[in-house]
Amino acid sequence: MASPRLGTYCCPTRDAATQLVLSFQPRAFHALCLGSGACSVALGLLQLLPRRRPAGPGSPAASPPASVRILRAAAACDLLGCLGILFRSAVWLGFPDLVENISSVNGTDVWPAVYCVGSAMWIELLYSACFWWLFCYAVDAYLVVRRSAGQSTIVLYHIMTWGLATLLCVEGVIMLYYPSVSRCQRDLEHAIPHYVTTYLPLLLVLVANPVLFQKTVTAVASLLKGRQGIYTENERRMGATIKIRFFKIMLVFIICWLPNIINESLLFYLELQPDVSGSSLKPVRNAAKTTWFIMGILNPAQGFLLSLAFYGWTGCSLDSQCPRKEIQWESVTTSAAEQTSLSPEGSRKCPPSGKVARVGGHNSDEALSMLSEGSDASTVEIHVTSESRDRNEVGPVPEPRGGL
């Protein structure tokens with residue numbers, strides 16, 4: 001699981017609340033994390049790898065849109081973070097002597113501290129980057145619809161994600177382990193910056209992404225109405241598909257990370273009490289232990305659950321999967337241009353206003369295709385709507401005359 005308590009545990013003078021959860025059935029807890037992480041990695045790879053198919057001999061190699069790259073980057077960060085949880089749990093279970101020396105103040109062996117601090121930083125950095133990528137996905141979806149264009153600055157997203165994730169992680173670790181690992185965690189105020197830098201991107205996704213998704217859905221409805229002046233059943237169903245997809249993303253995120261916020265609130269409350277072991281605080285201690293184990297199950301499972309939210313289940317048939325229905329925007333616009341050039345009057349007159357509007361419609365269709373990436377139903381509806389609109393705008397093709 002991804003918790004700032006993993007880094008706090010590396011301090012020999014850790015607080016009583018951190019000691020409470022990390023010393024409660026540690027072998028059972030790490031075995032649970034190991035099993036949940038292994039299942040998530042295996043199912044996630046089974047879910048995503050079969051989607052990679054070689055392109056046909058005549059199909060050009062097109063660069064994927066920014067939304068696809070963002071989702072791939074978020075999936076990669078989640079996978080690497082889950083591997084960090086697997087490594088930490090495997091070492092905890094396989095090398096108990098190494099783990100016991102973490103609490104040694106006067107020990108000369110540096111490997112326990114390297115293992116504890118290194119694994120905690122790895123998990124925090126990768127999951128923080130995953131949170132920033134999910135925030136970039138919401139921002140990109142909103143910007144694409146608002147400007148009706150599919151060209152997003154993926155380099156800027158990389159700089160923002162890795163720059164902020166690295167900056168917050170390094171700053172939190174320096175504040176926590178100053179002046180050294182053996183003398184860190186002197187009091188609660190000393191560890192607060194570490195907790196803030198860990199939960200800031202998580203809270204940002206929980207607060208900002210629903211707002212951005214709602215604004216995007218509203219903009220999609222306006223975009224669909226503006227293409228033809230009407231709101232057809234196919235376009236209504238397309239907007240509902242995008243809305244449901246955003247809802248699934250936030251539902252998975254809340255399910256996987258709400259236990260972390262509850263657990264941290266309970267532990268923070270315990271730290272403020274003079275006696276953590278008091279009888280009146282037993283319900284709070286039990287709730288903290290319960291949410292701690294729930295975190296060990298749900299945090300590593302985020303990657304697989306998000307793949308279900310994006311694509312549905314695709315890993316059942318490895319060999320007999322149907323090819324994905326791609327949107328051939330170039331063929332749609334090219335066919336409209338070819339039909340226009342066949343008209344004997346096309347070389348002397350400007351195209352009608354409907355054909356000029358089609359150029360802008362191409363950008364709006366591309367924006368909608370990015371939002372519906374991974375949903376075969378919605379992409380087919382976009383394709384059908386675009387073709388029918390082209391036929392209505394271009395009109396019947398006149399028969400060629402005898403002489404030129």
Side-chain angles (χ1 to χ4, degrees), residues 1-15 17-19 21-22 70 73-74 76-85 87-88 102 110-139 155-209 253 256-265 267-269 271-272 295 299 302:
M1 83 311 334
S3 171
R5 301 289 170 173
L6 299 181
T8 307
Y9 187 78
C10 303
C11 300
T13 56
R14 66 186 70 98
D15 59 277
T18 301
Q19 183 67 25
V21 290
L22 286 171
I70 291 173
C77 292
D78 189 278
L79 175 63
L80 293 175
C82 189
L83 291 177
I85 293 177
F87 171 76
R88 185 182 178 94
I102 295 177
V110 298
W111 289 112
V114 171
Y115 153 74
C116 185
V117 176
S119 60
M121 288 185 61
W122 177 264
I123 295 171
E124 178 185 348
L125 175 63
L126 269 301
Y127 276 105
S128 178
C130 180
F131 298 154
W132 284 113
W133 277 120
L134 292 177
F135 174 71
C136 289
Y137 175 77
V139 172
V155 177
L156 179 61
Y157 294 145
H158 274 285
I159 295 175
M160 183 179 73
T161 297
W162 292 109
L164 290 176
T166 304
L167 178 65
L168 292 176
C169 181
V170 172
E171 180 183 1
V173 168
I174 291 177
M175 294 295 294
L176 178 64
Y177 297 126
Y178 178 83
S180 65
V181 178
S182 60
R183 291 185 293 169
C184 60
Q185 184 59 23
R186 295 185 297 270
D187 47 35
L188 180 60
E189 292 77 9
H190 187 69
I192 283 181
H194 176 59
Y195 298 155
V196 171
T197 56
T198 302
Y199 281 105
L200 179 62
L202 171 62
L203 295 176
L204 179 65
V205 174
L206 285 175
V207 175
N209 276 34
F253 192 84
C256 291
W257 297 104
L258 184 60
N260 293 59
I261 298 177
I262 297 175
N263 179 265
E264 196 61 47
S265 301
L267 294 180
F268 186 78
Y269 174 76
E271 290 181 6
L272 297 178
M295 289 164 52
N299 288 179
Q302 178 197 229

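For the single chain, residues carry numbers from 1 onward in sequence order. Heavy-atom basis, side chains included; hydrogens, waters and symmetry copies ignored.
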Look at the side chain of [X] and the backbone N and O of [Y], then say whether any donor-acceptor pair between them is shorter than 3.5 Å.
X      : Y      : result
Asp78  : Cys130 : no
Tyr177 : Thr8   : no
Tyr157 : Tyr137 : no
Trp122 : Leu80  : yes
Asn299 : Ala2   : yes

Shortest non-hydrogen contact between [X] and [Y], atoms and distance:
X      : Y      : answer
Leu267 : Ala17  : O-CB, 3.6 Å
Leu6   : Cys116 : O-SG, 4.0 Å
Val117 : Cys10  : N-SG, 3.5 Å
Cys256 : Gln302 : SG-CA, 3.7 Å
Cys169 : Glu124 : CA-OE2, 3.9 Å
His194 : Pro4   : NE2-O, 3.3 Å

Quiz item: Just wondering, are more than 12 heavy atoms of other shown residues or ligands nearer than 6.0 Å to CE in Met160?
Solution: yes
Report the distance from atom [atom1] of [X] to atom [atom2] of [Y], rounding to the nearest 0.5 Å.
X      : Y      : atom1 : atom2 : answer
Leu168 : Leu125 : CG    : CG    : 10.0 Å
Leu134 : Phe253 : CG    : CZ    : 6.0 Å
Ser3   : Glu264 : OG    : CD    : 5.5 Å
Leu204 : Leu200 : CG    : CG    : 6.5 Å
Ile123 : Thr198 : CD1   : OG1   : 11.5 Å
Ile261 : Leu202 : CD1   : CG    : 5.0 Å

Quiz item: Is any NZ, NE, NH1 or NH2 atom of the basic residue among Arg5 and Glu271 found under 4.0 Å from an Asp or Glu carboxylate oxygen of the other?
Solution: yes
Exercise. Examine the side chains of Glu171 and Thr197 and answer whether a donor and an acceptor come within less than 3.5 Å of each other.
Key: no
Exercise. Would you please test Phe268 and Tyr195 for ring pair (Phe, Tyr, Trp, His ring centres under 6.0 Å) and show each step?
Key: CA-CA 10 Å; Phe268 186 78; Tyr195 298 155; 8.0 Å; no
Answer whether the closest heavy-atom distance between the side chains of [X] and [Y] falls below 4.5 Å.
X      : Y      : result
Tyr127 : Cys82  : yes
Trp162 : Leu167 : no
Pro201 : Leu164 : no

Quiz item: Do you know which of Trp132, Phe135, Trp133, Trp257 makes side chain to side chain contact (heavy atoms under 4.5 Å, CB included) with Val205?
Solution: Phe135
